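As the structure is a prediction and not an experimental result, all values here were calculated from the model.
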Amino acid sequence: MSDNLKGALLMMCSMAAFTLNDTCVKLLGPEVPLFQMLFLRGAASTLLIWGLARSLGPIRVRFPARDWGLVGLRTGAEIAAAYFFITALYHMPIANVTAILQVLPLTVTLCGALFLGEAVGWRRMGAIIVGFLGMLLIVRPGPDGFDIYALYALAAVVAVTVRDLATRGMSRKVPSMTVTLAASLGVTLFSGVASLGVEWATLDVGQLMLLGGAAFFILGGYLFSVLVMRTGDVSFTAPFRYTGLLWALVMGFVVFGDWPDALTLAGGAIVVGAGVFTLIRGRRLSQEEKRART
């Protein structure tokens, strides 16, 4: 098995794990307050991530002040993304929320061009515009079919875009597991403080099992995503992140009995198509640049 194929399989496993985490969280949603769930899941996942990070090697915290600023920015964006995404997940079908988040590669590419000076040609810019039009089919910003919680999902997209751009700006001296641990700890501390203002629910055995499942699956998602970065060509494996939408469709139908309408499916297909084109085009340009240098 080639490294690229291994990387593709790891990316699909990562997306499956994150979707299974989302399923557990959504099942908890009607009865467990948001900040209580975030704190308990965060505490469990932080301990698991700490153990994983220690087993992979020492956790380094000595790196330049600029990188620490970016770690702080990324952690703040992670906190905002967790709040907005899970709020949307509590109130919307899982496939609809996931479909909106598929616009992320397009927003990261666009913001990379606007704020980081990365070159984006007319083909990729056209794909970004088409992808945003597809997103409008999902969100439908009008009196009919519009869900206010779609704005929360869009806010999560903005937060994750900031998170990914902050990650891009970090030097190679910053270990990926240190960044992951900082984000998980940040979400846990924030939600712990916020949960002091809400009445906690008493959890039964089934809810505790769902909470444990959420912590386990989110750890799996983090682990597989780290392994993806170490296996194969990232530009080859990145398009396989869209398998997360397929998982969301399956889990939404099997677990919750939800199936998106035709417009949502069409919008999701347009967003995925535009994102895959953008990633493949970026890969080709990168390969051409490498050949030109040699």
Which of parallel (below 30°), tilted (30 to 60°) and perpendicular (above 60°) describes Phe35 and Phe190?
perpendicular

Measure across Phe85 and Val97 and return the closest heavy-atom pair with its distance rounded to 0.1 Å.
CE1-CG1, 3.3 Å

In Å and rounded to the nearest 0.5 Å, what is the NZ to CG distance from Lys6 to Asn4?
11.0 Å

Residues Thr180, Leu52; criterion side chain to side chain contact (heavy atoms under 4.5 Å, CB included); working and verdict
CA-CA 11 Å; Thr180 301; Leu52 175 64; over 6 Å; no

Less than 4.5 Å apart, any side-chain heavy atom of Val108 and any of Arg168?
yes

Determine whether more than 12 heavy atoms belonging to other residues, nucleotides or ligands lie under 6.0 Å from atom CZ of Phe253.
no

Looking only at atom types and distance, does a side-chain atom of Ser184 sit under 3.5 Å from a main-chain N or O of Leu181, one as donor and one as acceptor?
no

Does NZ or CZ of Lys26 lie under 6.0 Å from the centre of the six-membered ring of Phe256, at an angle within 45° of the ring axis?
yes

Note, Met170 side chain near Arg74 side chain (heavy atom, < 4.5 Å)
yes

Mind checking the OG1-CE spacing from Thr107 to Met135? Nearest 0.5 Å is all I need.
9.0 Å

Contact summary for Tyr242 and Gly275, nearest pair of heavy atoms:
OH-CA, 3.0 Å

Would you mind reporting whether Trp200 and Phe39 have side-chain heavy atoms less than 4.5 Å apart?
yes

In terms of side-chain heavy atoms, does Thr264 have a donor or acceptor partner in Asp261 at a distance below 3.5 Å?
yes

Are more than 12 heavy atoms, taken from residues, nucleotides or ligands other than Met209, located less than 6.0 Å from that residue's CE atom?
no

Check the pair Arg241 / Leu104 against side chain to side chain contact (heavy atoms under 4.5 Å, CB included), numbers first and verdict last.
CA-CA 11 Å; Arg241 68 175 295 157; Leu104 272 170; 4.1 Å; yes

Report the distance from atom CH2 of Trp50 to atom CG of Leu219, rounding to the nearest 0.5 Å.
15.0 Å

Treating Ile, Leu, Val, Met, Phe, Trp and Tyr as nodes and any side-chain heavy-atom pair under 4.5 angstrom as an edge, say whether Leu38 and Val193 lie in one connected cluster.
no

Indicate if Val205 and Leu27 have the same hydrophobic cluster label, given that clusters are the connected sets of ILVMFWY residues with side-chain heavy-atom separations under 4.5 angstrom.
no

Determine the minimum heavy-atom distance between Met37 and Leu211, stating which atoms define it.
O-CD1, 4.1 Å

Quick one: are Thr19 and Phe217 in side-chain contact, heavy atoms under 4.5 Å?
no

Please walk me through it: do Phe132 and Val271 pass side chain to side chain contact (heavy atoms under 4.5 Å, CB included)?
CA-CA 7 Å; Phe132 285 145; Val271 170; over 6 Å; no

May I ask whether Leu34 and Leu89 are part of the same hydrophobic cluster, defined by side-chain heavy atoms of I, L, V, M, F, W, Y residues being less than 4.5 angstrom apart, directly or through others?
yes

Identify the residue among Thr46, Ile49, Thr75 that makes a side chain to side chain contact (heavy atoms under 4.5 Å, CB included) with Leu185.
Thr46

Just by distance, do the side chain of Ser45 and the backbone of Arg41 share a donor-acceptor pair under 3.5 Å?
yes

To the nearest 0.5 Å, what is the distance between CG (Leu70) and OG1 (Thr167)?
8.5 Å

Just wondering, more than 12 heavy atoms not from Tyr152 lying within 6.0 Å of its OH?
no

Spacing of Thr202 atom OG1 and Glu31 atom CD [to the nearest 0.5 Å]:
11.5 Å

Taking all non-hydrogen atoms of both residues, which atom of Pro105 and which atom of Thr109 are closest, and how far apart?
O-OG1, 2.7 Å

Is Leu245 reachable from Trp247 through a run of I, L, V, M, F, W or Y residues, each pair having side-chain heavy atoms under 4.5 Å apart?
no

Would you say Phe216 has more than 12 foreign heavy atoms packed within less than 6.0 Å of its CZ?
no

Could you tell me whether the side chains of Arg124 and Thr278 share a donor-acceptor contact shorter than 3.5 Å?
no

Arg62 vs Lys173, test: side chain to side chain contact (heavy atoms under 4.5 Å, CB included). Steps then yes/no.
CA-CA 9 Å; Arg62 293 184 178 178; Lys173 297 178 181 179; over 6 Å; no

Report yes if some heavy atom in the side chain of Asp258 is under 4.5 Å from a heavy atom in the side chain of Ile94; otherwise report no.
no

Indicate the atoms forming the closest heavy-atom contact of Ala153 with Ile100, along with that distance.
CB-CD1, 3.8 Å

Are Val158 and Ile86 connected into the same hydrophobic cluster when the rule is that any two of I, L, V, M, F, W, Y join if their side-chain heavy atoms are below 4.5 Å apart?
no

Quick check: closest heavy atoms across Asn96 and Ile138, and the distance to 0.1 Å?
O-CG2, 4.2 Å

When you compare the side chain of Phe63 with that of Pro175, does any pair of heavy atoms fall below 4.5 Å?
yes

Straight-line distance of Leu249 CG to Leu265 CG, nearest 0.5 Å:
6.5 Å

